[in-house]
Amino acid sequence: MAFERVWDVGGFVFSELADQITKKKDLELLNPQRSEKSFFIKRDEYTDKAKYDFDDSDNGKYLFVSDKILRDNELLLEYEYVKGTRPYFISRYYPSDYISILGTFLLLKDYDFSLAKYIIALLGKVSGKEDFIQRLLFGLYLLSCFDIGQPKSSDLMHFDRNLTKAEKRKKEIEKILNNPRTFDEEFDYFKKDIIFKQKRALCSLRDFLKSPEFKEYFFKALNEAGFADHSMFLRQTALHYLELPGDVWNNNPTFRNCIMRDTGYERSILSLSKLLRSMFNDHGDAIYRGYPEQFDVTFDLVPRMCDKKGNCTICPYALIHDEAADFKKVCISDTEKYCPVMYIICNYKMTCLGKDCLLLKYAEG
């Protein structure tokens, strides 16, 4: 599914779901057997289904639906949702997503259904550690992803049974959270491999700390929950513990072979996420002048550059190997305009830095 649809439609439905559960503190809003009030219902019980073209094979499956009636939301109307209906969304792995959401809110029940309060409680346990960012990520993994499994749509029909399973899961998580030794043992196991597979958790935490938009919301939520000292997050070294979110684009052979050539790591069979962490642990940013998460441009760069032939001649990475012969034909070095290099390779609108640009200095030797 296109990420735009996930953000535009899924974001609309899930944000309303989270808002209402947080306000009403009622897990019945996730009970598919209460279709008159639930955000998660059988497709057969979706009252507006006649206005949409559902496949016959959809019978017996489920939808996430908003409790809002669509009026003049131009964005949703562009996705061909119908005025007067409750917008719906179905994620690719919705049985797992549903179980994750149910388990998440059941655990947050002890924190007044507040993600901010849960994070603050985690920080109280891990903030003294140098790698507290990774430990915070582990706590978020426990909250939403731990022991979810791969349920089928047929497993979702019994709400009480799933709630009982979620209660059992909650007790296991509490054992980890409430015992420092157990927490450390489970965290050590997590960071060896599982951490590199948490693409969505890593992206979310990264956006909490770095996104101009989400960062503001994140710290405001912590402030409102009584946690005003954010200094630990402002240390540059804290960001060094962010991992590169796992993505298929990261391991594109053209991209990977280019950046690893002549490094001594070019024959490694590790995923790029693990490899970058290994390189950073070996040498630190003293040599590489960065940290693993900063390589998270492949989603935008690889399809536009590495998957097309002939683009190495204008690619900034090719400057490393003196192969970007046409780089200066793209670079205009005009601070009154957008950087055409970044616009071409990633579709990023970034103001030109002129002679202060490190890429230009590198190109000039």
Side-chain angles (χ1 to χ4, degrees), residues 2-4 7 196 199 202-203 206-207 210-213 236 239-240 242-280 282-365:
F3 74 89
E4 292 92 348
W7 276 104
F196 299 104
K199 176 181 176 180
L202 283 166
C203 287
R206 181 268 314 279
D207 288 346
K210 296 180 65 174
S211 163
E213 180 180 5
Q236 181 67 18
L239 300 179
H240 291 177
L242 288 174
E243 302 294 357
L244 173 67
D247 193 285
V248 294
W249 300 111
N250 296 337
N251 291 298
N252 174 276
T254 302
F255 172 76
R256 180 174 171 134
N257 293 340
C258 173
I259 65 172
M260 290 300 161
R261 193 193 313 173
D262 302 326
T263 64
Y265 296 91
E266 54 193 315
R267 296 186 181 278
S268 174
I269 61 173
L270 293 175
S271 69
L272 187 62
S273 298
K274 288 185 178 180
L275 183 56
L276 288 175
R277 173 52 61 189
S278 177
M279 293 170 68
F280 188 86
D282 289 345
H283 304 287
D285 67 344
I287 293 179
Y288 294 107
R289 290 182 293 180
Y291 49 90
E293 182 273 334
Q294 289 180 311
F295 278 82
D296 192 26
V297 297
T298 55
F299 181 82
D300 295 312
L301 183 142
V302 171
R304 293 178 174 85
M305 298 295 291
C306 305
D307 278 356
K308 311 288 184 183
K309 294 192 177 190
N311 283 338
C312 291
T313 62
I314 62 172
C315 180
Y317 285 106
L319 288 171
I320 300 171
H321 310 296
D322 295 323
E323 295 175 355
D326 296 327
F327 181 82
K328 288 187 179 179
K329 293 181 181 180
V330 179
C331 173
I332 59 173
S333 191
D334 186 341
T335 56
E336 297 297 318
K337 296 180 171 58
Y338 288 131
C339 169
V341 176
M342 296 305 297
Y343 194 78
I344 290 171
I345 68 174
C346 288
N347 195 34
Y348 296 162
K349 292 181 179 179
M350 173 180 168
T351 302
C352 173
L353 299 177
K355 294 182 179 180
D356 293 329
C357 178
L358 292 176
L359 289 176
L360 186 59
K361 293 179 180 179
Y362 204 101
E364 294 174 346

Evaluation steps, side chain to side chain contact (heavy atoms under 4.5 Å, CB included), between Leu359 and Leu319: CA-CA 8 Å; Leu359 289 176; Leu319 288 171; 4.2 Å; yes
Smallest separation among heavy atoms of Pro340 and Val330, with atom names: CG-O, 2.9 Å
Polar side-chain atom of Thr313 near backbone of Ala325 as donor-acceptor pair, under 3.5 Å: no
Check: Arg277 and Pro292 side chains under 4.5 Å, non-hydrogen atoms: yes
Output side-chain donor-acceptor pairs under 3.5 Å for residues 249-258, partner residues at least two apart or in another chain, one line each.
| unit_1 | atom_1 | unit_2 | atom_2 | d |
| --- | --- | --- | --- | --- |
| Asn250 | OD1 | Thr298 | OG1 | 2.4 |
| Asn250 | ND2 | Pro245 | O | 2.9 |
| Asn251 | OD1 | Arg256 | NH1 | 2.9 |
| Asn251 | OD1 | Leu272 | N | 3.0 |
| Asn252 | OD1 | Thr254 | N | 3.0 |
| Asn252 | OD1 | Phe255 | N | 3.1 |
| Asn252 | ND2 | Asp307 | OD1 | 3.1 |
| Arg256 | NH1 | Leu270 | O | 2.7 |
| Arg256 | NH2 | Ser268 | O | 2.9 |
| Arg256 | NH2 | Leu270 | O | 2.6 |
| Asn257 | ND2 | Pro253 | O | 3.1 |

Distance, nearest 0.5 Å, that separates CG of Leu275 from OG1 of Thr263: 7.0 Å
Close side-chain approach of Cys315 and Ile345, heavy atoms under 4.5 Å: no
Any side-chain heavy-atom pair of Met342 and Thr351 under 4.5 Å: no
Greater than 12 external heavy atoms within 6.0 Å of Lys308's NZ: no
Nearest heavy atoms of Lys210 and Leu239, plus distance in Å: CG-CD2, 4.2 Å
Note, Lys337 side chain near Cys352 side chain (heavy atom, < 4.5 Å): no
side-chain hydrogen bond (donor to acceptor under 3.5 Å, both in side chains) involving Arg261 - partner list, sequence neighbours excluded: Glu323
Heavy-atom side-chain contact between Asp262 and His321 under 4.5 Å: yes
Atom pair OH/CD1 of Tyr338 and Ile344 - distance to nearest 0.5 Å: 15.0 Å
More than 12 heavy atoms from other groups under 6.0 Å of CD on Glu4: yes
Ser278 side, atom OG; His283 side, atom NE2 - distance, nearest 0.5 Å: 8.0 Å
Stepwise side chain to side chain contact (heavy atoms under 4.5 Å, CB included) test for Lys274 and Leu244: CA-CA 8 Å; Lys274 288 185 178 180; Leu244 173 67; over 6 Å; no
From CA spacing to verdict: side chain to side chain contact (heavy atoms under 4.5 Å, CB included), Met305, Ile314: CA-CA 9 Å; Met305 298 295 291; Ile314 62 172; 3.9 Å; yes
From Asn311 atom CG to Asp326 atom CG, the distance as rounded to the nearest 0.5 Å: 10.5 Å
Spacing of Lys361 atom NZ and Lys355 atom NZ [to the nearest 0.5 Å]: 11.0 Å
Greater than 12 external heavy atoms within 6.0 Å of Tyr348's OH: yes
Neighbour count above 12 (heavy atom, 6.0 Å) for Tyr317 OH: yes
Interatomic spacing from CD in Gln294 to CZ in Phe280 - rounded to 0.5 Å: 9.0 Å
Non-neighbouring partners of Asp207 that pass salt bridge (Lys or Arg N to Asp or Glu O under 4.0 Å), sequence neighbours left out: none
